[in-house]
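First the structure, in the form of structure tokens, and then the observations on it.
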Amino acid sequence: MLKLDSHPSGRHFLHIPGPSPVPSRVLRAISYQTIDHRGPEFGEFGKAVLSNLKKIFKTDQPVIVYSASGTGSWEGALVNVLNPGDKVLFYETGQFANLWRALATRLGLHPEVVGKPGQDTWRWGVDAAVIEERLRKDTGHEIKAVCVVHNETSTGVTSDIAAVRKAIDDAKHPALLLVDSVSGLGAADFQHDKWGADITISGSQKGLMLPPGIGFNALSPKAIEASKHNKMPKAYWAWDEIIESNKNGYWPTTPSTNLMYGLHEAMEMMLAEGLDNIFARHQRLAQACRHAVAAWGLENQCLDKDTFSPVLTCIATPEGLDADKLRKHALEKFNLSLGTGLGKIKGKAFRIGHLGDCNELSLMAALSGVEMSFGAMGYKPKASGVVAAQEFLK
């Protein structure tokens with residue numbers, strides 16, 4: 001029988017870049033008695049959840065809540081505003097940009113991929129000029145949407161979404177802007193309305209500090225209008241019934257009631273701390289982590305300091321240092337979970353998550369576990385990353 005609560009003494013240090021640790025307050029809220037999702041109490045609760053979500057996304061527009069992962073929210077975004085055979089422009093920044101593109105292909109869309117010219121696109125953020133140049137060439141406006149990842153979880157790169165919006169506008173192109181902020185929302189600043197996103201996709205298990213199982217589409221008026229005319233087959237993912245039902249705090253299908261209890265509690269925690277304070281905390285922890293990486297003599301997967309992620313740090317390992325063996329040792333010896341390298345950097349990189357319910361001592365424990373694991377791998381750090389991070393945090 002699988003034993004999910006049989007960890008050794010002390011806590012398990014979950015430092016993958018999502019799912020992130022779930023605070024005790026949120027776990028307790030999830031355990032509350034399930035209520036009638038058609039009753040009057042739920043209607044008031046639903047309206048409160050939807051109201052707070054707008055604050056988190058920084059929008060005045062509707063936010064769709066799905067019982068789904070971020071992948072489901074990707075699909076919800078695409079099937080509501082696009083038609084079979086539509087051309088869609090994807091900017092490659094890592095594994096999740098590629099997976100979203102693959103999903104689009106399976107839906108019968110025609111993706112085109114661009115990236116930073118002459119560079120390994122998995123080490124840089126979105127270059128908005130590349131998008132603008134491509135859209136200017138699309139004089140027939142065949143490209144119907146531009147899809148970019150705000151925080152690329154596989155590489156630790158955070159891109160400038162406002163610059164992408166400006167690029168689309170400067171090209172005088174009508175394409176919709178679809179943004180994946182699955183790992184960015186709640187950990188890195190995101191402004192859905194101000195930055196001009198038409199659909200922002202996110203999920204519950206990252207900066208929002210919940211278990212997996214809830215996905216989001218934040219909308220724009222332009223996206224809602226497009227959804228009224230598109231021909232892509234959809235039923236569960238369709239926005240129209242959800243938007244109408246949400247007006248009274250309900251959903252047309254059965255919502256994830258207990259996860260929504262947790263969502264309500266998590267948002268209460270976040271709004272009490274203050275979003276700006278949360279973003280500053282994440283930036284501070286990320287800087288401390290990068291100080292450790294530099295002291296170890298290792299390289300950040302992201303090569304552009306202007307796009308370093310506050311959510312996670314992806315660390316490229318040198319020849320001879322197997323990242324997955326390092327991760328295995330850290331887990332077995334120190335009960336520390338680190339993120340694996342994904343796609344083409346598997347075994348060549350590992351990731352340290354410093355998002356959500358994380359503070360200075362949480363991060364220091366993770367850095368200590370990594371540093372103590374280096375010896376077993378035969379790697380001698382240039383200097384102590386733990387000391388470097390301590391000096392920064394002091």
Side-chain angles (χ1 to χ4, degrees), residues 4 18-20 22-23 26-57 59 61-81 96 99-100 103 106-107 153 178-186 192 199-219 223-224 227 232-268 270 356:
L4 294 176
S20 64
V22 181
V26 174
L27 289 172
R28 287 194 296 271
I30 292 171
S31 73
Y32 297 162
Q33 185 71 23
T34 305
I35 61 173
D36 176 10
H37 62 287
R38 301 286 179 235
E41 184 181 10
F42 190 94
E44 294 304 309
F45 168 72
K47 285 188 283 188
V49 167
L50 293 168
S51 175
N52 277 347
L53 273 174
K54 290 183 178 183
K55 298 173 186 176
I56 300 297
F57 279 90
T59 182
Q61 303 304 318
V63 178
I64 300 295
V65 180
Y66 291 122
S67 296
S69 66
T71 306
S73 300
W74 280 346
E75 183 163 343
L78 295 173
V79 300
N80 275 283
V81 295
F96 288 95
L99 290 174
W100 192 8
L103 186 150
R106 291 179 68 112
L107 290 173
T153 325
L178 277 58
V179 181
D180 168 343
S181 191
V182 172
S183 63
L185 186 75
H192 176 80
I199 309 173
T200 300
I201 293 109
S202 197
S204 57
Q205 73 275 20
K206 309 278 189 173
L208 295 184
M209 306 180 293
L210 288 162
I214 299 182
F216 308 98
N217 281 178
L219 314 181
I224 294 172
S227 73
M232 188 76 79
K234 57 191 174 295
Y236 176 77
W237 306 111
W239 293 340
D240 54 355
E241 291 184 348
I242 299 173
I243 292 172
E244 186 61 32
S245 190
N246 280 174
K247 291 177 181 178
N248 295 310
Y250 299 102
W251 274 258
T253 56
T254 305
S256 300
T257 303
N258 288 67
L259 281 178
M260 287 180 63
Y261 291 163
L263 174 60
H264 181 270
E265 188 72 11
M267 291 191 294
E268 289 288 306
M270 294 173 70

Quick one, Y66 with I242, criterion side-chain contact (heavy atoms from CB on, under 4.5 Å). Give me CA distance, side-chain angles, the key distance, then yes/no.
CA-CA 9 Å; Y66 291 122; I242 299 173; 3.8 Å; yes
Roughly how far apart are I243 CD1 and L50 CG, rounded to 0.5 Å?
11.0 Å
Decide yes or no on side-chain contact (heavy atoms from CB on, under 4.5 Å) for L263 and N52, but give the supporting numbers first.
CA-CA 10 Å; L263 174 60; N52 277 347; over 6 Å; no
Let me confirm one number: the CD-OG distance from Q205 to S69, rounded to the nearest 0.5 Å.
7.0 Å
Roughly how far, to the nearest 0.5 Å, is CG of L210 from CG of L259?
7.0 Å
Testing the basics here: between M260 and V49, what is the closest heavy-atom pair and its distance to 0.1 Å?
CE-CG1, 4.1 Å
If you measure from OG1 on T254 to CZ on R38, what distance do you get to the nearest 0.5 Å?
6.0 Å
Kindly determine whether F216 and I56 satisfy side-chain contact (heavy atoms from CB on, under 4.5 Å), including the steps that lead there.
CA-CA 12 Å; F216 308 98; I56 300 297; over 6 Å; no
Greater than 12 external heavy atoms within 6.0 Å of R106's CZ:
no
For the residue pair N246 and P62, establish whether any side-chain heavy-atom pair is separated by less than 4.5 Å.
no
Search all heavy atoms of S256 against all heavy atoms of G213 and return the closest pair with its distance.
OG-O, 4.2 Å
If you compare all heavy atoms of G70 against all heavy atoms of I201, which two are closest, and at what distance to 0.1 Å?
O-CG2, 3.9 Å
Would you call M270 and M209 a side-chain contact if the rule is heavy atoms closer than 4.5 Å?
yes
For K206, run the side-chain contact (heavy atoms from CB on, under 4.5 Å) check against P19, P212, S183 and tell me which one passes.
S183
So, Y261 side chain and S31 main chain: donor-acceptor pair closer than 3.5 Å or not?
no
State, with a plain yes or no, whether a side-chain heavy atom of I30 is found less than 4.5 Å away from one of P211.
yes
N/O donor-acceptor pair under 3.5 Å between N258 side chain and Y32 backbone
yes
Tested for side-chain contact (heavy atoms from CB on, under 4.5 Å) against W74, the lone hit among I199, L107, D180, V79 is D180
W100 and L78: side-chain contact (heavy atoms from CB on, under 4.5 Å), yes or no, with the steps?
CA-CA 10 Å; W100 192 8; L78 295 173; 3.7 Å; yes
Point-to-point distance, once rounded to the nearest 0.5 Å, from CG of L103 to CZ of F96
13.0 Å
Side-chain donor/acceptor of Y250 to backbone N/O of G39, under 3.5 Å:
yes
Quick check against the 3.5 Å criterion: does S51 have a side-chain atom that pairs as donor or acceptor with the backbone of A48?
no
Check V81 against A77 and note the closest heavy-atom contact, atom names and distance.
CG2-O, 3.4 Å
Would you find a donor on one side and an acceptor on the other, under 3.5 Å apart, between the side chain of W251 and the backbone of V65?
yes
Can you name the closest pair of heavy atoms from D36 and F42 and give their distance?
O-CB, 3.3 Å
Going by heavy atoms in the side chains, are V63 and N217 under 4.5 Å from each other?
no
Determine yes or no for a side-chain-to-main-chain donor-acceptor pair under 3.5 angstrom, with N80 supplying the side chain and W239 the backbone.
yes
Correct closest heavy-atom pair for S245 and P252 would be OG-N, 3.5 Å
Value rounded to 0.5 Å, distance of NZ in K54 from NE2 in H192
10.5 Å
